[in-house]
Every structure is written in C-alpha cells, then in structure tokens.
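Worksheet for the structure shown next.
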Amino acid sequence: MTIHATIDTTRNFRPKSEALALLIERGFLHQCTDLEALDAKLVEGRVTAYAGFDATADSLHVGHLLPLMAMRWLQKLDHKPILLIGGGTTRIGDPSFRTESRPMLDDAAIERNLRGIRDTVERLFDLSEGEGRMVNNAEWLDEFRFLEFLRDFGTHFTVNRMMTFDSVRSRLDAQQPLSVLEFCYMMLQAVDFVELNKRFDCTLQIGGSDQWGNIVNGVDLGRRSGNQLFGFTLPLLTTASGAKMGKTADGAVWLNPSRLSSFDFWQFWRNTADADVVRFLKLFTDLPLSEIDRLARLEGQEVNEAKKILATQVTSIVHGPEAARAAMEQGEALFSGKEDGTQPTHVLSADLLDGSLGLLSLLVRLGFAGSNSEARRLVQGNSVRVNGELETDDRRQLTRNDTREDRTLSIAVGRKRKALVQFG
RNA sequence: GGAGGAGUGCCCGAGUGGCUAAAGGGGGCGGACUGUAAAUCCGCUGGCUAUGCCUACGUUGGUUCGAAUCCAACCUCCUCCA
C-alpha cells in the first residue's frame with residue numbers, strides 16, 4: 001500500500017488555512033503527505049504537531065532551528081507544538097543517509113542532554129499546560145516488551161517495503177552494514193507518531209527532508225489504526241555557496257549559550273552571505289514579510305543593515321533580547337574601528353603578568369589558535385595585533401607595560417577575531 | 001570457503017628503500033581587494049621549552065646504517081569466484 005504523497009505541489013496550491021499559507025510563504029514547506037486535507041484540518045481548528053529531536057548532544061544546533069521555527073509559528077497561530085526528544089531512540093541511532101552507525105549513548109548522557117535541550121526549547125516555546133509540551137519517547141518505548149511490540153506493530157510493517165526506503169537502500173547499495181537495530185528505527189519513529197496521536201491527539205509531524213521516509217511510515221501506520229495523520233518536511237538548507245548550513249571553523253553552531261556565546265552566535269548570522277539574507281530572514285526571524293520585503297530591496301553595502309537585523313532577531317529569539325542587544329553592541333564596538341570593545345570579552349588573572357606571558361600562549365588561551373605553532377604562524381603571517389599595533393615578533397612577551405590604565409589589553413587576529421582581555 | 005586488491009595528514013589522493021612532515025586538490029586559516037558579503041589573487045596549513053627534537057602513512061613485530069616504501073602476522077574494507 002502506497003501513500004499518495006504530494007511532492008512540491010505547493011506552487012499552485014492556494015491554502016485556506018492561515019498556518020499553511022504562512023509556512024509556504026516563508027519557505028518552510030518542502031514535501032507534504034496530503035496538502036489539501038491538512039489545510040482543511042488546520043482551518044477546522046487547533047492541530048497538535050510534533051517534531052522530533054535526537055538527544056545526541058546537550059544542545060541543539062542551527063540545523064534544528066528550522067523545525068523549531070516552523071513549530072513556533074504553528075504555536076503563534078494557536079496550534080499546539082510537541083517537542084519530542086528521542087531519549088529512547090537515541091539509544092539506537094537513525095540510519096537515515098548515514099554511511100556509518102551512530103555511537104550509542106548511555107542513559108546518564110541522554111539525561112544530561114535532555115536538560116540542555118530543554119533550556120533552549122523553553123525560550124522558544126510556551127510549554128505551559130495546554131499550550132505545548134516537551135516529551136521523551138522513552139516514556140513509552142521503554143515500556144514495550146518485545147513480543148508485544150512485534151504483535152502490535154510488526155504486523156503492519158513488511159520488510160519488502162522497508163527495504164524500498166532510500167535511507168535503507170543507500171546503506172545497502174554502499175555495501176555498508178545496516179544492523180537490525182538500525183533497520184527498526186523507522187518502526188520506532190512510526191510508533192512515536194501513533195503514540196503521540198493516541199496520547200495527545202497529535203496529527204502532524206514536521207521533520208527535515210531526510211525524515212520523509214520515516215514520516216510517511218508514521219502516517220501509514222496511523223491509517224492502519226484508523227487515523228488520518230499528516231506530515232511535511234522542511235527544505236534542506238544549504239548556504240549560497242553550496243555548503244551544508246550551520247558549520248563554522250569551530251564546528252557546529254550550537255543554540256545553547258553555554259556551548260556558543262551570544263556574541264559568536266550573533267556573528268554567525270551577521271556573516272551570512274548576501275544571497276542568503278532574505279531566505280534566512282523569512283525562516284529564522286519573526287519579522288513580518290512586509291518588513292522583510294523592505295530589507296530585500298537594500299543593495300550593496302546597505303545589505304549589512306539587513307544582516308544586523310537578521311543576527312539580532314535570531315539571537316533574540318534563541319538567547320533572549322538582552323543577550324542579543326549585548327552581542328550586537330559588542331560586535332559594533334569591536335568592528336567600528338575602535339579596537340576596544342565596550343566590555344571585556346575575557347578576564348584573566350593579573351598574576352599571569354608577573355611572570356612572562358608569551359603572546360603565543362595568550363592566543364591559544366583565547367582560543368584564537370589551537371597550538372603554539374599555529375599561533376606562531378598567525379604572528380608570522382602578519383595577522384596579529386596587540387593594542388592595535390601589528391606584532392610580528394613571535395617571541396613577544398607581554399607585561400604590565402602592555403596594559404592600559406584599566407588593565408586591559410586588546411588582541412586581534414585578522415579582521416574578525418578580536419578580544420579585549422582584562423587582567424584583574 | 002577460494003583468488004586477488006586496498007588501508008597515507010581534517011577530507012580526497014600521489015608516492016615502491018635515503019633528496020618525505022610526505023606531490024596535487026578540497027576544506028580551513030591568514031593577507032591584498034571589499035561591505036564583518038561574493039568573486040579573484042597570494043601565503044600558511046602535525047607538535048614542542050625550536051638553527052634542534054618528538055610524533056605521523058591500518059596494528060604489532062622484523063630486515064636494514066636508514067622503511068610510508070621490503071618481510072611476517074593480525075585487523076578492517078573492496079572486487080571476483082563458490
């Protein structure tokens with residue numbers, strides 16, 4: 001039995017529901033299992049929707065922001081979001097489009113990760129009773145007993161069909177091993193959907209484009225038990241230069257401030273390529289489309305205004321308005337030409353200046369270089385400035401004489417990485 | 001189960017006894033140009049208490065004055081046959 005998927009038919013589709021209209025307009029919709037029926041359902045009344053997230057790290061990252069924003073809009077339009085954290089499924093690992101198995105995590109690690117994720121989610125959503133919720137699928141997955149599970153759900157899945165999914169095929173075609181454990185992941189995700197439907201009347205699942213197969217499975221399983229479920233996927237986000245979005249030199253762009261500072265988070269968005277600005281404004285901010293249209297008309301240097309607004313808006317949503325403003329001011333100060341930031345970005349013990357503090361080790365300590373050798377190369381490459389002065393001596397030692405009256409010292413590597421160091 | 005092939009730095013990939021910290025490309029970083037963009041050009045890209053030392057070519061041993069390169073065993077992957 002196949003599902004009638006409407007893929008990319010959004011172009012000629014005129015949605016009647018406010019929610020779908022908005023999501024399509026802002027670029028959230030990629031594929032949907034049944035656009036018209038979903039539209040009708042959204043017009044009818046409040047719909048409960050969910051998006052699932054693995055608990056593989058103690059913070060979500062920019063890649064997760066897309067489903068989060070989609071859910072956020074739904075909540076704003078009076079629908080109900082459920083953030084499903086895969087505490088149970090994380091112990092298996094989704095094989096979708098991966099060439100290798102994921103590492104499995106133990107319960108303690110998963111528990112820790114859940115707490116970190118909650119920190120972010122709470123800022124983005126109203127999770128109060130009746131408005132939205134965050135649930136862990138371990139709640140039900142842990143309860144199943146094997147034979148019971150096979151009896152209740154195993155009969156609804158055929159290996160024949162499971163084999164046809166791209167996520168499985170790709171692994172098999174590549175002659176990579178696919179364990180039974182991973183193979184069954186899609187069953188679990190389908191069960192999640194049905195379970196959420198049973199418990200909370202959830203009828204819509206949102207996921208990344210790589211989740212299409214898993215989502216369809218859930219919708220199918222729902223139908224077998226007599227419920228019409230819906231799902232849609234989000235576009236795969238790549239930057240204008242073709243790279244997968246969300247990576248910087250230092251790795252993933254985390255949403256949790258403890259993993260990535262508000263300053264760096266703001267800078268990430270500030271550095272968006274021109275070609276991506278409008279798309280990102282639509283997807284990652286709450287700004288009305290009329291305002292985005294205005295920003296889209298900016299040309300040349302003025303585009304920078306749009307980028308600042310983008311950065312501040314996103315940071316405000318994810319880290320809060322105060323953090324966003326501080327990050328912006330800090331960025332403005334650091335890049336306005338004046339080397340001094342408005343506030344110290346690093347505080348170090350004054351004792352360090354008693355002995356000899358090598359410039360190289362300071363660069364490492366500030367995170368501007370991964371090793372002394374790398375720091376040395378930066379100095380030799382004429383990219384390091386101390387208090388605004390180009391420093392070319394890689395054996396340079398810093399002393400109290402190098403600090404200003406307020407016992408600060410500014411260090412810059414290249415044009416973008418700057419720090420104000422306070423010794424106190 | 002049998003025959004053959006492959007495992008090299010962040011990634012891809014050259015290298016069959018000293019000139020190899022290892023060609024080339026990608027990525028990344030830095031510089032010039034700019035607008036904290038894009039494009040282009042140039043430089044750098046294992047570590048260290050540094051004219052030297054240490055670590056590194058799947059793993060462990062061995063041959064040799066000297067090994068990524070030769071030998072043995074093991075591990076992993078691929079191709080063909082059964």
Side-chain angles (χ1 to χ4, degrees), chain A residues 98-101 171-179 238-253 261-281 295-312 314-315 324 327-342 345 355-386 389-397 410-420:
Chain A
R98 283 166 199 279
T99 43
E100 282 170 25
S101 303
R171 188 76 83 77
L172 294 179
D173 288 348
Q175 307 250 17
Q176 294 289 321
L178 176 70
S179 65
T238 52
T239 63
S241 47
K244 205 190 239 172
M245 184 190 166
K247 291 278 163 129
T248 65
D250 307 315
V253 178
S261 70
S262 298
F263 174 77
D264 289 326
F265 188 77
W266 192 90
Q267 286 295 328
F268 167 77
W269 294 98
R270 174 63 184 80
N271 284 309
T272 299
D274 285 14
D276 290 324
V277 175
V278 173
R279 197 158 48 110
F280 288 0
L281 280 167
L295 294 171
R297 282 194 294 273
L298 296 176
E299 282 179 11
Q301 229 187 103
E302 291 181 319
V303 177
N304 284 325
E305 279 315 304
K307 292 183 188 178
K308 285 179 200 170
I309 290 170
L310 171 68
T312 306
V314 185
T315 308
M328 180 184 72
E329 284 168 6
Q330 208 177 331
E332 294 286 286
L334 283 172
F335 285 97
S336 63
K338 292 187 301 176
E339 210 71 39
D340 318 48
T342 49
T345 48
S356 58
L357 176 60
L359 173 60
L360 299 185
S361 59
L362 179 61
L363 288 169
V364 172
R365 192 182 279 263
L366 295 175
F368 289 159
S371 67
N372 277 9
S373 296
E374 193 183 328
R376 175 173 291 107
R377 274 181 234 116
L378 288 171
V379 174
Q380 287 171 349
N382 290 342
S383 57
V384 176
R385 286 169 186 276
V386 176
E389 297 291 319
L390 186 65
E391 182 56 68
T392 53
D393 179 10
D394 59 24
R395 303 210 296 202
R396 172 69 188 276
Q397 296 291 317
S410 78
I411 297 281
V413 173
R415 291 159 304 157
K416 290 191 186 177
R417 294 187 287 175
K418 303 179 181 187
L420 186 66

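All chains are named by letter (A, B, ...) in the order of the sequence lines, taking the proteins before the strands, and each is independently numbered beginning at 1.
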**Item:** More than 12 heavy atoms from other groups under 6.0 Å of CD on A:Gln380
**Value:** yes
**Distance, P atom - from B:G1 to B:G13, rounded to whole angstrom** = 30 Å
**Request:** With a 3.5 angstrom cut-off on both distances, give the Watson-Crick or G-U wobble partner of B:G61, or none if there isn't one.
**Result:** B:C71
**Asked** Mind checking the C1' distance from B:C74 to B:G7? Whole angstroms is fine.
**Response** 14 Å
**Message:** Roughly how many Å apart are B:G25 and B:C42, using the P atom of each and rounding to a whole number?
**Reply:** 11 Å
**Asked** Between A:Glu374 and A:Arg377, is there a salt bridge with N-O shorter than 4.0 Å?
**Response** no
**Separation of atom CD in A:Glu329 from atom P in B:U36, rounded to whole Å** = 19 Å
**Request:** May I have the distance from A:Asn271 (atom CG) to B:C29 (atom C1'), rounded to whole angstrom?
**Result:** 14 Å
**Item:** Distance in angstrom units between A:Asn304 CG and B:A38 P, rounded
**Value:** 11 Å
**Prompt:** Looking across every strand, which nucleic acid part, if any, lies under 4.0 Å from A:Asn382 by heavy atom: base, sugar-phosphate, or nothing?
**Reply:** sugar-phosphate
**Request:** For the residue pair A:Arg396 and A:Val384, establish whether any side-chain heavy-atom pair is separated by less than 4.5 Å.
**Result:** no
**Message:** Closest-nucleotide mapping onto RNA chain B: is A:Met328 or A:Leu378 further toward the 5' terminus? I mean the 5' end.
**Reply:** A:Leu378
**Asked** Paired with B:U16 by Watson-Crick or G-U wobble geometry, both distances under 3.5 Å: which nucleotide is it?
**Response** none
**Length of the CZ-C1' vector between A:Arg385 and B:U36, whole Å** = 15 Å
**Item:** Euclidean distance, A:Leu298 CG relative to A:Lys307 NZ, rounded to 0.5 Å
**Value:** 11.5 Å
**Asked** To the nearest 0.5 Å, how far apart are CZ in A:Phe368 and CG in A:Leu378?
**Response** 10.0 Å
**Request:** Figure out the CZ/P separation between A:Phe263 and B:U36, and round it to whole Å.
**Result:** 14 Å
**Asked** What is the distance, rounded to the nearest whole Å, between atom CZ of A:Arg270 and atom P of B:A37?
**Response** 8 Å
**Message:** It should be established whether A:Lys308 places a side-chain nitrogen or oxygen under 4.0 Å from OP1 or OP2 of nucleotide B:G35.
**Reply:** no
**Request:** In whole angstrom, give the distance that lies between atom CG of A:Asp264 and atom C1' of B:U36.
**Result:** 13 Å
**Message:** Heavy-atom nearest nucleotide on RNA chain B for A:Thr272 versus A:Ser383: which residue maps closer to 5'?
**Reply:** A:Ser383
**Prompt:** When the P atoms of B:U69 and B:G9 are considered, how many whole Å apart are they?
**Reply:** 14 Å
**Identified pairing partner of B:C29, criterion: Watson-Crick or G-U wobble below 3.5 Å** = B:G43
**Prompt:** When we call it a touch if two heavy atoms are under 4.0 Å apart, what does A:Gln267 touch: a base, just sugar-phosphate, or nothing?
**Reply:** base
**Message:** I need the CD-P distance between A:Glu391 and B:G30, as an integer number of Å.
**Reply:** 18 Å
**Message:** Set out, in order, the CA-CA distance, both residues' side-chain angles and the distance that settles side chain to side chain contact (heavy atoms under 4.5 Å, CB included) for A:Val277 and A:Leu295, then state yes or no.
**Reply:** CA-CA 9 Å; A:Val277 175; A:Leu295 294 171; over 6 Å; no
**Prompt:** Who does B:G66 pair with, Watson-Crick or G-U, both distances under 3.5 Å?
**Reply:** none
**Message:** Between B:G30 and B:U36, how many Å separate the two C1' atoms, rounded to a whole number?
**Reply:** 15 Å
**Item:** Flag side-chain contact, heavy atom, 4.5 Å: A:Glu391 against A:Asp393
**Value:** yes
**Asked** How far, in whole Å, is B:A21 from B:G52 if one measures between their C1' atoms?
**Response** 15 Å
**Asked** Is there a Watson-Crick or G-U wobble partner for B:A3 with both distances under 3.5 Å, and which nucleotide is it?
**Response** B:U79
**Prompt:** Measuring from A:Gln397:CD to A:Ser361:OG, what's the distance to the nearest 0.5 Å?
**Reply:** 7.5 Å
Please tabulate, one pair per line, each protein N/O and nucleotide N/O from nucleotides 43-47 of chain B that are separated by under 3.5 Å, including the distance.
unit_1	atom_1	unit_2	atom_2	d
B:G47	OP1	A:Ser371	OG	2.7
B:G47	OP2	A:Arg377	NH2	2.3

**Item:** Inter-residue atom distance A:Asp394.CG - A:Asn372.CG, 0.5 Å rounding
**Value:** 10.0 Å
**Asked** If the C1' atom of B:U60 is compared with that of B:C11, how far apart are they to the nearest Å?
**Response** 27 Å
**Item:** Complementary nucleotide for B:A22 - Watson-Crick or wobble, under 3.5 Å
**Value:** none
**Request:** Provide the distance between the two P atoms, one in B:A67 and one in B:C77, to the nearest whole Å.
**Result:** 31 Å
